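Since the model is a prediction, treat every value here as computed from it, not as a measurement.
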Amino acid sequence: MEYKTYYDSPVGLLELVSDGEYLTHVLYQNQQLEDGRVEKDDIKVFQLTKEWLDAYFKGDVPNLNIPTKPQGTEFQQFVWQELEKIEYGELTTYGDIAQKVATRMNKDKMSAQAVGGAVGSNPISIIIPCHRVVAKNGSLTGYGGTIKNKVKLLETEKVDMSPLFVPKHSTKP
């Protein structure tokens, strides 16, 4: 059985999902689906996650260990494990992750585009920090929680945004 609860954050209402023991999803509003998940607030992993998120959004480096269990292919798992190694306030590129995953899989090279697909399918946003990945030219490419939220998260971590390319949205009336 899957359980859910909600966390009201500076990047919108997040849905937290658990199997009762592990955190399996952190979803933005645009990712949430109507389903058979049972709403339940008193699960220990939800309490830990909310404490972690409280610290994070205050601008602190959270030091709580949240038991996570994202579901995905072996390749996706390798990519998500690399995401977890990106330090708070640091950035890396899809290409850098591709090199590391290729080495782990005993391959000469790996497609940064394939890594981008795995990064984009990360089910535990923010906690597994896919927002810390940029294109090699510094472009803030795709983010499931929207580029606007990616920028907010990087600002929360006090990342120097000046060398990054942040796409501008049209403001035509």
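A donor-acceptor pair under 3.5 Å is formed between the side chain of Asn30 and the backbone N or O of Gly144. When atom types are taken as modelled, the side chain of Lys44 and the backbone of Gly20 share no donor-acceptor pair closer than 3.5 angstrom. When atom types are taken as modelled, the side chain of Trp80 and the backbone of Gly72 share no donor-acceptor pair closer than 3.5 angstrom.
Side chains of Leu140 and Leu154 form a contact here, defined as non-hydrogen atoms less than 4.5 Å apart. In this structure, the side chains of Pro70 and Ile128 come closer than 4.5 Å at one or more pairs of heavy atoms. A 4.5 Å side-chain heavy-atom check between Ile126 and Phe57 finds at least one atom pair inside the cut-off. At a threshold of 4.5 Å between non-hydrogen side-chain atoms, the residues Thr68 and Ile127 count as touching. Taking 4.5 Å as the limit, every side-chain heavy atom of Val79 sits out of range of all side-chain heavy atoms of Glu82. For the pair Tyr6 and Leu16, the minimum side-chain heavy-atom distance is 4.5 Å or more. By the 4.5 Å heavy-atom criterion applied to side chains, Glu51 and Thr49 are not counted as neighbours. Annotation: side chain of Phe75 is in contact with side chain of Met110 (closest heavy-atom distance under 4.5 Å).
Listed by first then second residue, pairs satisfying salt bridge (Lys or Arg N to Asp or Glu O under 4.0 Å) with a partner in residues 115-131 number zero, not counting sequence neighbours. Pairs of residues two or more places apart, or lying in two chains, that qualify as ring pair (Phe, Tyr, Trp, His ring centres under 6.0 Å) and include a residue from residues 104-145 are Tyr28-Tyr143. The side chain to side chain donor-acceptor pair (under 3.5 Å) contacts involving residues 110-130 comprise Gln76-Ser121, where partners must be two or more places apart or lie in separate chains.
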Hey, mind stepping through Leu91 and Val133 against side-chain contact (heavy atoms from CB on, under 4.5 Å) and telling me if it holds?
CA-CA 6 Å; Leu91 299 176; Val133 183; over 6 Å; no
Could you go through the side-chain contact (heavy atoms from CB on, under 4.5 Å) check for Lys69 and Asp19 one step at a time?
CA-CA 9 Å; Lys69 193 176 187 181; Asp19 61 6; 3.9 Å; yes
Is there a side-chain contact (heavy atoms from CB on, under 4.5 Å) between Arg104 and Gln81 once you walk through the steps?
CA-CA 11 Å; Arg104 285 188 69 185; Gln81 288 163 11; 2.7 Å; yes
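A single hydrophobic cluster is not seen to contain both Leu27 and Ile43; linkage of ILVMFWY side chains at heavy-atom distances under 4.5 Å, directly or through other members, places them apart. Linking ILVMFWY residues whenever their side-chain heavy atoms come closer than 4.5 Å, directly or via other members, places Phe46 and Leu64 in the same cluster.
For the 3.5 Å distance criterion, the side chains of Asp54 and Tyr7 qualify, holding a donor opposite an acceptor. Inspection of the Thr5 and Lys50 side chains reveals an N or O donor paired with an N or O acceptor under 3.5 Å.
Closest approach of Met161 and Val151 over heavy atoms only: CE-CG1, 3.8 Å. Taking all atoms of both residues into account, the shortest heavy-atom contact from Val45 to Leu23 is CG2-N, 3.6 Å. Nearest heavy atom pair, residue Leu153 against residue Tyr56, reads O-OH, 3.3 Å. Of all non-hydrogen atoms in Leu14 and Leu53, the two that sit nearest each other are CD1-CD1, 4.4 Å. Considering all non-hydrogen atoms of both residues, Leu83 and Pro129 come closest at O-CG, 3.2 Å. Taking each heavy atom of Val115 and Tyr94 in turn, the nearest pair found is CG1-O, 3.8 Å.
Partners of Thr93 by side-chain hydrogen bond (donor to acceptor under 3.5 Å, both in side chains), not counting sequence neighbours, listed by chain and number: Asp96. With sequence neighbours excluded, the residues satisfying side-chain hydrogen bond (donor to acceptor under 3.5 Å, both in side chains) with Glu2 are Arg37. By the side-chain hydrogen bond (donor to acceptor under 3.5 Å, both in side chains) test, Thr103 is found to be paired with no residue, residues two or more places apart in sequence or in another chain being considered.
Salt-bridge annotation for Arg132 and Glu157: present, with a side-chain N of the basic residue lying under 4.0 Å from a carboxylate O of the acidic one. Taking a cutoff of 4.0 Å between a charged side-chain nitrogen and a carboxylate oxygen, Lys152 and Glu155 do not qualify as a salt bridge.
Atom CE of Met105 sits about 5.5 Å away from atom CZ of Phe78, to the nearest 0.5 Å. Summarising the geometry, atom OG belonging to Ser18 is positioned 10.0 Å from atom NZ belonging to Lys40; distances are rounded to the nearest 0.5 Å. The distance from atom OG1 of Thr146 to atom CD of Gln29, rounded to the nearest 0.5 Å, is 10.5 Å. Taken to the nearest 0.5 Å, the CD atom of Glu84 stands 7.5 Å off from the CD1 atom of Ile124.
Partner Tyr88 forms a side-chain contact (heavy atoms from CB on, under 4.5 Å) with one of Val61, Asp60, Val159 and no other, that one being Val61.
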